[in-house]
Amino acid sequence: MTASTADDQRVRLDKWLWAARFYKTRTLAKEAIEGGKVHYNSQRCKPGKLVEAGAKLTLRLGWQEKVVIVDDISDRRRGAPEAQKLYHETEESAKKREEMAWQRKTMQAAQLPPARRPSKKDRRDIQRFREQNGL
């Protein structure tokens with residue numbers, strides 16, 4: 001890996017997120033930063049923010065929220081095993097993600113699917129109900 005310390009190399013936040021494989025393209029990384037889904041040291045920032053080793057990043061990726069610490073800096077996108085060496089996730093973040101995943105799984109299991117599809121008469125009744133109640 002040709003990554004080096006922050007003294008030798010200056011890398012934009014959007015480029016680092018792309019190199020660390022959080023986003024498939026730099027454009028997606030830029031849009032996430034501008035949309036407030038990425039916080040650098042607990043503050044909103046711009047895509048051009050220079051990344052420093054030891055910085056704390058909070059990333060919202062879909063349902064998940066990850067808190068990672070920057071270990072190394074690289075502007076090159078490499079394989080996933082090498083990209084994972086650029087950061088580490090905090091223990092609290094990992095625990096919280098696992099707990100949230102478990103909650104989503106149990107909520108999904110609690111919702112029972114309908115026993116059968118609605119019949120033609122059932123669909124008419126549903127449509128009539130929606131029209132009467134303005135839904």
Side-chain angles (χ1 to χ4, degrees):
M1 182 183 254
T2 61
S4 58
T5 62
D7 298 333
D8 300 332
Q9 196 173 14
R10 296 162 43 109
V11 178
R12 294 169 49 105
L13 180 58
D14 60 344
K15 197 167 189 178
W16 186 88
L17 289 169
W18 167 77
R21 293 186 166 265
F22 285 109
Y23 298 98
K24 286 185 177 184
T25 65
R26 282 184 62 189
T27 303
L28 290 174
K30 179 182 176 234
E31 289 171 0
I33 295 167
E34 289 173 345
K37 293 183 179 2
V38 177
H39 289 136
Y40 185 88
N41 288 333
S42 301
Q43 293 185 352
R44 285 186 70 165
C45 58
K46 294 183 178 180
K49 174 81 174 160
L50 296 178
V51 179
E52 299 171 351
K56 181 176 107 175
L57 294 174
T58 306
L59 308 160
R60 182 167 265 309
L61 303 163
W63 292 99
Q64 300 177 351
E65 184 170 303
K66 287 185 178 184
V67 178
V68 298
I69 307 296
V70 177
D71 291 334
D72 203 357
I73 297 173
S74 177
D75 63 349
R76 296 201 174 163
R77 189 172 172 101
R78 300 265 168 86
E82 290 184 38
Q84 288 175 347
K85 293 177 184 174
L86 297 177
Y87 64 91
H88 70 274
E89 186 175 8
T90 62
E91 289 181 27
E92 301 87 34
S93 172
K95 276 186 183 179
K96 188 176 177 184
R97 275 191 317 107
E98 289 174 11
E99 184 178 312
M100 294 297 284
W102 181 79
Q103 285 179 357
R104 282 195 308 276
K105 211 177 265 189
T106 56
M107 290 294 282
Q108 188 177 16
Q111 295 177 346
L112 297 174
R116 60 181 172 78
R117 290 176 48 187
S119 67
K120 191 169 184 176
K121 181 184 182 309
D122 293 336
R123 284 193 296 273
R124 285 187 191 131
D125 292 341
I126 292 168
Q127 185 65 31
R128 193 175 309 117
F129 175 79
R130 285 185 176 162
E131 289 172 358
Q132 288 174 353
N133 293 316
L135 299 175

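In this text, all values refer to a predicted model and were calculated from it rather than measured experimentally.
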Of all pairs that satisfy side-chain hydrogen bond (donor to acceptor under 3.5 Å, both in side chains), the ones with a partner from residues 99-108, not counting sequence neighbours: none

Minimum heavy-atom distance between Arg12 and Pro47, given as atom pair plus value: CB-O, 3.7 Å

Geometric class of the Tyr87/Phe22 ring pair [parallel <30°, tilted 30-60°, perpendicular >60°]: tilted

Closest approach of Asp75 to Lys15 (non-hydrogen atoms, all atoms of both residues): O-CE, 3.6 Å

Residue pairs passing the side-chain hydrogen bond (donor to acceptor under 3.5 Å, both in side chains) test where at least one lies in residues 23-40, sequence neighbours excluded: none

Shortest non-hydrogen separation from Leu86 to Ser74 and the atoms involved: CD2-CB, 3.8 Å

Minimum-distance pair of heavy atoms, taken over all atoms of Leu17 and Ile33: CD1-CD1, 3.8 Å

Contacts of type side-chain contact (heavy atoms from CB on, under 4.5 Å), residue Glu89, not counting sequence neighbours: Lys66, Val68, Ser93, Ala94, Arg97

Identify every side-chain donor-acceptor pair in residues 124-135 under 3.5 Å, counting partners at least two apart or on other chains, and give the distances.
residue : atom : partner : partner atom : Å
Asp125  : OD1  : Arg128  : NH1          : 3.0
Asp125  : OD2  : Lys121  : NZ           : 3.1
Gln127  : NE2  : Glu131  : OE2          : 3.3
Asn133  : ND2  : Phe129  : O            : 3.1

Shared hydrophobic cluster, Leu61 / Val67 (ILVMFWY, side-chain heavy atoms < 4.5 Å): no

Shortest non-hydrogen separation from Asp71 to Ala53 and the atoms involved: O-CB, 4.1 Å

Leu50 backbone acceptor or donor facing Trp16 side chain under 3.5 Å: no

Minimum-distance pair of heavy atoms, taken over all atoms of Ala83 and Ala19: CB-O, 3.7 Å

Side chain to side chain donor-acceptor pair (under 3.5 Å) against Asp122, all qualifying residues, sequence neighbours excluded: Arg116, Ser119

Heavy-atom side-chain contact between Glu52 and Val70 under 4.5 Å: no

Partners meeting salt bridge (charged side-chain N to carboxylate O under 4.0 Å, His left out) with Arg21 (sequence neighbours left out): none

